[in-house]
Structure formats: C-alpha cells, structure tokens
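Report on one structure; see the data block that follows.
Letters go in sequence order (proteins before strands), and every chain restarts at 1.
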Amino acid sequence: MKTFLKSHLEKALSSAGLSYSAEDLYFEIPKNQDHGDLSTNVAFTLAKRQKANPQAVARQILEHLQLPETLVGKPEIAGPGFINFKFKPAWYLTGVSDLLKQGQTYGRHETGRGKRVMVEFVSANPTGPLTIGHGRQAVLGDTIANLMEWLGYEVVREYYFNNAGRQMRVLGDSVRLRYLEELGDSNPFPEDYYQGEYIRDIARDLIREHGASLKTLDDVTLFKDKAESVIFEDIKNSCRRLGIHHDVYYNENSLYENGHVDGALALLREKGVIYDKDGAVWFKTTDFGNEQDKVLVKSTGEPTYRLPDIAYHIQKFKRGFDQVVDIFGSDHIATYPDVLLALKILGYDPEMITVLIHQFVTVTQAGEIVKMSTRKANFITLDWLTDEAGADVVRFFFLMRSMGAHLNFDLDLAKKETDENPVFYLQYAHARIASIIRKAEDAGELTWTAETSLAPLGNPDELDLMRLLLQFPETVYLTATHYEPHRLIVYLNELAAQFHKFYHSNYVIGVGKDLGNARLALCAATKTVLKNGFDILGITAPERM
RNA sequence: GCUCUCGUAGCUCAGCUGGAUAGAGCGCUUGCCUCCGGAGCAAGAGGCCACAGGUUCGAAUCCUGUCGAGAGUACCA
C-alpha cells in the first residue's frame with residue numbers, strides 16, 4: 001500500500017520539479033483516523049531544505065499528483081502541511097481477496113531469498129538446568145529465527161557450548177563429592193561448587209548404575225561426562241517443551257582441535273594488534289579507543305573466552321552465512337565489542353553481525369526479589385515455569401515486552417492470573433472465529449472462498465478490520481527488521497480487539513446470503529492473519545477453548 | 001570512577017527515520033447475555049512522559065547535565 005503511493009508520489013515530485021531522495025518519502029499511519037489511512041510529511045522535509053512554506057510545497061505536490069480515483073480518495077492537506085490519503089473501499093476489498101488467496105503464506109516476504117542467516121541463542125554451558133533468564137533468550141531467539149524465515153531467509157538455529165575448562169571440572173567434582181556423600185562419606189562441600197539439588201540427582205543416578213565402585217576414582221572425567229550428558233538432555237528437553245530446537249550444537253572445543261583458535265591469534269598477530277607481556281598475550285584494544293588492553297591468552301597458556309569467541313565468529317562467516325544474529329543476556333554486554341573489533345581488523349564487515357542484548361528477568365515472589373544464580377541453586381527453572389503457566393503463556397510472556405526492558409515476572413501473579421493472561425485474549429478471538437465458521441457452514445447457508453464477493457462490506461467496523469488485516473505484511477517486515485517481536489504482539493492485540501468489536505455489532509449468520517458470505521470471508525481472513533501471527537510467535541491457534 | 005540499558009496512568013508496559021488530541025492490559029466505577037462463544041463489548045476516572053537546559057516549524061522521541069534503577073567494568077564464562 002505504501003509502495004503504491006510512493007511510486008505515484010515520486011512521479012508527482014519530479015514533474016513538479018522538486019528534488020528529493022528516497023528517504024524523504026516516508027508514510028505513517030495516522031493515530032487519528034480523521035487524518036486518513038496514510039499520511040506523509042514530505043512537504044515538511046522538502047520545505048525545510050528549500051526554506052519554503054510547507055503548505056505551499058504540499059499544494060505544489062498535489063497539483064502534480066495523479067491517483068486512480070477508484071482506489072484512493074482525493075488527498076488532502078491538513079494541519080501545517082501533512083498530506084493525507086484515504087483509501088476507498090475497493091482498495092480494501094481487493095486486498096482482502098489477495099489475503100484469502102495467499103492464506104498461510106500471507107505476510108511472507110522475499111527480501112531474504114537465497115540468503116543464509118544464523119541465529120545463535122541460549123548457548124548456556126551444560127552446568128545446570130535452564131533458568132527463567134535463559135528462557136527469555138530461548139524464546140526470543142526462536143521467534144527471531146521464525147521472523148527471519150518469514151523474510152525468506154534460510155535460517156540456522158545454533159547453540160554454542162563449552163564442555164571443557166574449569167567450570168566443567170568444578171561441575172564434575174561437585175558430582176563426585178555428592179556421590180561420596182550419598183554413600184556416607186561426608187566431605188566438606190566448597191561454597192563455590194554447584195549447590196543445586198540436580199547435582200545430587202546425578203550422583204544418585206551414578207550409584208544406581210555403578211554402585212560404590214567409583215568411590216576410589218579420583219579423576220573427575222567420568223563424573224563430568226555423566227553430568228554433562230544428563231544436563232544437556234535436560235536443557236534440550238526444556239527447549240523442546242517450548243517448541244524450540246537448535247539445528248547445530250557447536251562445540252567450542254572443536255575450534256581448538258581444528259586449529260581455529262591458534263589461527264585466529266596468528267591472523268591478529270599479523271595485523272600487529274597483539275603483544276606479549278607478563279607471560280600473557282594481549283590484544284591492543286587501547287589503539288581503538290578502549291580503556292584497557294585485553295588478555296587473549298593467560299600466562300597459564302589457557303585462552304580467555306574472547307579468543308575462541310573471535311575464532312568462532314570467523315568460522316560463522318567461513319561457513320557461508322550472509323548475516324549473523326547473536327543473542328546475549330545483558331551480562332555479556334562487555335564481551336562482544338572486542339569480538340566485533342577483532343573481526344573488523346581482520347577485514348570482516350561488522351554490519352553483518354547483529355548483536356541483540358536482552359535485559360534480565362527479575363523475579364518477584366511475595367514482594368521479594370528472587371536472585372538467580374545457577375551455582376547458588378537459588379534459581380527458578382524454566383521447566384518449573386512451563387509447568388505452572390503452560391508453553392503458550394511462557395512464550396507469550398517473554399515476547400510481549402521489548403528486550404531492552406527488564407522483565408518483571410511476578411510469580412504469584414503468573415500463577416493465579418493464568419486465566420486472564422493476555423494470550424488468552426488473542427487465542428479466544430481465534431477460537432471464536434473458528435466457532436462462527438463451523439456454525440455458519442454447518443447450517444449450510446453460508447460458504448466462502450477466495451473468490452467470494454466482498455462488495456457488501458463497507459461499514460466502519462468492517463473497514464477498520466480490513467485496514468488492520470492489510471497492515472499485517474508490513475508489521476511482519478518491521479518486526480523482523482527491527483528484531484522486536486513485541487511489535488507483532490501489539491499488532492495482534494489490536495487486531496483481536498477490532499475483531500471483537502466487529503463481532504459484537506455485526507452478525508454473520510442470519511443477515512442474508514451475500515452479506516453473510518462476505519462477512520464469513522472476512523472472518524476467515526482474520527483467522528488466517530491471527531494464525532500466521534501465532535505461528536511466528538510459536539503459540540497455538542486453538543479451534544476451541 | 002568509567003561504559004551500556006532504562007525512567008511514560010495506582011501496577012506491568014507500548015508509543016514505528018522527530019509529527020497532529022500521549023495509548024493498552026491489569027486494578028477501580030458504570031452499563032451490556034431471549035440472539036453467531038460474556039475468556040467478550042461499550043463508557044468513565046486516572047499523566048509536569050524522572051528533573052533542568054538545548055536543537056527547530058514541531059520533542060516522550062535527538063543533544064548536554066543532574067537524580068534514580070539494573071547490568072557490565074578479571075590473566076571467570
């Protein structure tokens with residue numbers, strides 16, 4: 001709808017002899033419907049540049065603007081120089097017919113066709129169950145991946161993990177100590193070890209499988225491996241319950257085995273941004289405006305997380321991705337600038353990497369803030385939340401706020417308010433439409449197809465509903481390109497509200513065949529858009545509730 | 001100390017390259033079920049958009065400063 005007007009406007013501008021650039025042509029949907037369906041402030045932008053009166057410029061534009069009268073009404077100049085466009089019903093009718101023809105592909109785009117994008121998310125090391133914080137990231141990542149698919153990209157969902165290093169040794173030893181404890185040997189359990197009950201569960205598993213035969217084993221490898229496989233399975237299951245899967249689990253260790261870590265260091269060294277001091281290897285980030293140089297390899301010979309991260313991202317591009325999306329919690333906010341800097345030095349375009357930082361979930365219970373820490377075991381697991389609220393509610397809840405905002409999760413409210421959760425409002429609209437369609441078709445009176453004549457539609461409720469339906473493709477596009485899933489929820493909410501409003505004063509059944517069929521088709525169109533939106537969000541579209 | 005994110009209704013939050021009268025949900029008040037699903041609809045109360053300056057035709061939105069919240073600031077990840 002915008003591109004249509006845009007091309008006409010461009011013609012008008014050039015025939016009026018006004019110079020413009022593509023960015024000048026911007027349309028917005030006015031908040032106030034008296035201002036039409038679309039509005040442009042192009043007269044302001046051009047007037048500013050030429051130091052002219054915006055209203056005069058607007059008049060000049062309109063003199064040269066020719067639009068098909070069957071689709072668009074006469075544009076009007078309003079206020080200090082806005083140009084407002086109002087569409088005629090015919091525009092909506094053809095739009096909704098198209099919608100019905102496209103069905104479940106309505107809202108998809110081609111902009112990413114032939115391009116590959118990787119979305120990396122969760123990437124929690126297998127040291128414990130996923131928490132609510134991980135849950136937010138998991139749902140965000142999966143939904144952003146869905147959105148990229150709707151833009152036409154080929155998407156790979158990736159999980160990066162590390163099963164080596166100190167953390168994992170501590171994990172293994174934690175299991176070992178619990179194992180001994182369960183067998184009656186009490187040992188002091190260090191405070192910085194993993195305190196969670198799940199460690200004890202794993203230890204009991206080992207007793208079931210091996211009895212006391214591991215008692216004299218000092219090497220933690222077996223304990224570590226067992227913990228890793230049990231926990232990883234648990235993590236995957238937590239994701240699965242929310243409809244989330246990963247295509248690739250990328251092991252940090254493979255970067256060492258294939259020489260990519262050393263390779264990355266060597267490349268940086270060639271660029272002269274590396275030096276040795278105090279037995280460690282340093283990255284000269286101060287040359288690029290940083291306060292401090294960063295260590296890439298410790299004096300122990302062990303690399304810090306930065307170096308494998310750099311190597312990993314080099315591999316992402318070598319593996320042929322055109323675009324990379326990384327999703328981190330705000331606790332990783334300091335780590336990515338060094339990685340991006342290194343990639344830039346090595347000649348990669350940092351624009352190809354989109355780093356999305358989401359704020360943490362703060363959990364309150366009985367007015368108290370619950371602190372989350374995997375190690376302290378004072379955390380709330382994602383599984384628990386899924387048990388309590390259900391997958392749809394969990395997904396929706398994590399998506400409904402912008403990721404830059406802290407998400408306040410009131411547990412008491414989440415538990416007792418499930419009936420009034422906004423997700424039900426949307427799903428109810430879908431179920432209600434399904435019910436109407438069933439009833440109308442069962443009565444044998446009404447039918448609809450993509451060819452059904454929508455001409456009888458035209459009252460304000462119907463036009464408002466159609467207007468919103470036709471905004472869906474653009475909403476998907478904006479939601480995806482801004483990586484802001486909550487925008488789609490805001491839109492779907494508006495759509496559901498408009499449908500309920502339409503429903504209350506416009507009968508489908510019992511109003512005659514022509515109008516009935518047309519309204520039935522409008523219901524079907526609404527159902528399609530809701531369903532397509534739910535698919536992107538990953539929530540179910542119930543036929544009955 | 002420094003960096004990043006944030007501050008909008010009683011609460012939780014939207015507000016699209018800066019646009020016209022600042023919105024939604026929950027909670028509160030009041031109406032609406034002989035009729036397609038009342039998990040709904042309609043109406044109402046509720047605001048110095050943290051504060052102070054600046055930029056311009058125009059600021060919740062951009063810039064500077066102050067205050068307040070969160071995260072980061074390791075030879076931990």
Face-to-face stacking of A:Tyr507 with B:C36, centres under 5.5 angstrom, angle under 30°: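 It does: the ring sits over the base of B:C36.
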Face-to-face contact A:Phe44 to B:G19 six-ring, under 5.5 Å, under 30°: no
Integer-rounded Å distance: [N] [atom2] and [X] [atom1]:
{"X": "A:Asn125", "N": "B:C76", "atom1": "CG", "atom2": "C1'", "result": "12 Å"}
{"X": "A:Leu296", "N": "B:A77", "atom1": "CG", "atom2": "P", "result": "12 Å"}
{"X": "A:Phe396", "N": "B:U12", "atom1": "CZ", "atom2": "P", "result": "18 Å"}
{"X": "A:Glu484", "N": "B:A14", "atom1": "CD", "atom2": "C1'", "result": "11 Å"}
{"X": "A:Arg136", "N": "B:A71", "atom1": "CZ", "atom2": "P", "result": "14 Å"}
{"X": "A:Glu28", "N": "B:G58", "atom1": "CD", "atom2": "C1'", "result": "13 Å"}
{"X": "A:Leu492", "N": "B:A24", "atom1": "CG", "atom2": "C1'", "result": "14 Å"}
{"X": "A:Asn32", "N": "B:A20", "atom1": "CG", "atom2": "P", "result": "10 Å"}

Measuring to OP1 and OP2 of [N], would you say a side-chain N or O of [X] lies under 4.0 angstrom away?
{"X": "A:Tyr503", "N": "B:G38", "answer": "yes"}
{"X": "A:Lys31", "N": "B:G23", "answer": "no"}
{"X": "A:Lys298", "N": "B:C76", "answer": "yes"}
{"X": "A:Thr304", "N": "B:A74", "answer": "no"}

Residue closer to the 5' end of RNA chain B, A:Ala434 versus A:Met400 (nearest nucleotide): A:Met400
Which residue lies more 5' along RNA chain B, comparing A:Asp278 with A:Arg487 via nearest heavy atoms: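 The answer here is A:Arg487.
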Centroid separation A:His260 to A:Tyr312 less than 6.0 Å: no
Output field: ring centroids A:Phe328/A:Phe121 closer than 6.0 Å: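 Not close enough - the centres of the two rings lie 6.0 Å or further apart.
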Sugar-phosphate only, base, or nothing, as touched by A:Ala280 at under 4.0 Å among non-hydrogen atoms: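 Since a base atom lies under 4.0 Å of A:Ala280, the category is base.
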Sugar-phosphate, base or nothing in reach of A:Val508, heavy atoms under 4.0 Å: base
Base-pairing assignment for B:C2 (Watson-Crick or G-U wobble, both under 3.5 Å):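 Looking at the geometry, B:C2 pairs with B:G72.
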Validation row: A:Met148, A:Tyr483 side chains within 4.5 angstrom (heavy atoms):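 Yes - at least one pair of side-chain heavy atoms lies under 4.5 Å apart.
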Flag side-chain contact, heavy atom, 4.5 Å: A:Phe499 against A:Leu530: no
Exceeds 12 heavy-atom contacts within 6.0 angstrom, atom OH of A:Tyr477: no
Neighbour count >12 (heavy atoms, 6.0 Å) for atom NZ, A:Lys284: no
At a cut-off of 3.5 Å, list every protein nitrogen or oxygen paired with a nitrogen or oxygen from nucleotides 3-10 of chain B, distance to 0.1 Å.
| from | atom 1 | to | atom 2 | distance (Å) |
| --- | --- | --- | --- | --- |
| B:U5 | O2' | A:Gln359 | NE2 | 3.4 |
| B:U5 | O2' | A:Gly404 | O | 3.0 |

Please report the distance separating the [atom1] of [N] from the corresponding atom of [M], rounded so that it comes out in whole Å.
{"N": "B:G31", "M": "B:A71", "atom1": "C1'", "result": "48 Å"}
{"N": "B:A9", "M": "B:G47", "atom1": "P", "result": "10 Å"}
{"N": "B:A60", "M": "B:C13", "atom1": "C1'", "result": "14 Å"}
{"N": "B:C33", "M": "B:A50", "atom1": "C1'", "result": "46 Å"}
{"N": "B:U3", "M": "B:G15", "atom1": "C1'", "result": "28 Å"}
{"N": "B:U34", "M": "B:C28", "atom1": "P", "result": "25 Å"}
{"N": "B:C51", "M": "B:A59", "atom1": "C1'", "result": "16 Å"}
{"N": "B:G18", "M": "B:A74", "atom1": "P", "result": "35 Å"}

Nucleotide nearest A:Ala334 when distance is taken to its side chain, options B:A14, B:U73, B:G40: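 Of the options given, the side chain of A:Ala334 lies nearest B:U73.
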Side chain of A:Leu478 - closest among B:C16, B:A14, B:C36: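 Closest nucleotide among those given: B:C16.
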Trace of the side chain to side chain contact (heavy atoms under 4.5 Å, CB included) decision for A:Glu302 with A:Val297: CA-CA 6 Å; A:Glu302 220 175 342; A:Val297 183; over 6 Å; no
Polar side-chain atom of A:His500 near backbone of A:Ala497 as donor-acceptor pair, under 3.5 Å: no
Under 3.5 Å donor-acceptor, A:Glu120 side chain and A:Ile327 backbone: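 Here the side-chain-to-backbone pair does not exist.
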Taking donor-acceptor contacts at under 3.5 Å, does the side chain of [X] reach the base of [N]?
{"X": "A:Ser435", "N": "B:C36", "value": "no"}
{"X": "A:Asn41", "N": "B:G19", "value": "yes"}
{"X": "A:Asn84", "N": "B:A20", "value": "yes"}

Below 3.5 Å is the cut-off: list the nitrogen or oxygen pairs between protein and nucleotides 41-43 of chain B, distance only.
| from | atom 1 | to | atom 2 | distance (Å) |
| --- | --- | --- | --- | --- |
| B:C41 | OP1 | A:Tyr425 | OH | 2.5 |
| B:C41 | O4' | A:His504 | NE2 | 3.1 |

Anti versus syn assignment for B:C6, with syn defined as within 90° of 0: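 Base orientation relative to the sugar is anti.
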cation_pi(A:Arg519, A:Tyr507) dist<6.0 Å, angle<=45: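 No.
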A:Asn84-A:Glu76 side chain donor-acceptor pair, cut-off 3.5 Å: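 No donor-acceptor contact under 3.5 Å links the two side chains.
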Aromatic ring pairing A:Tyr159/A:Tyr249, orientation class (parallel under 30°, perpendicular over 60°, tilted between): tilted
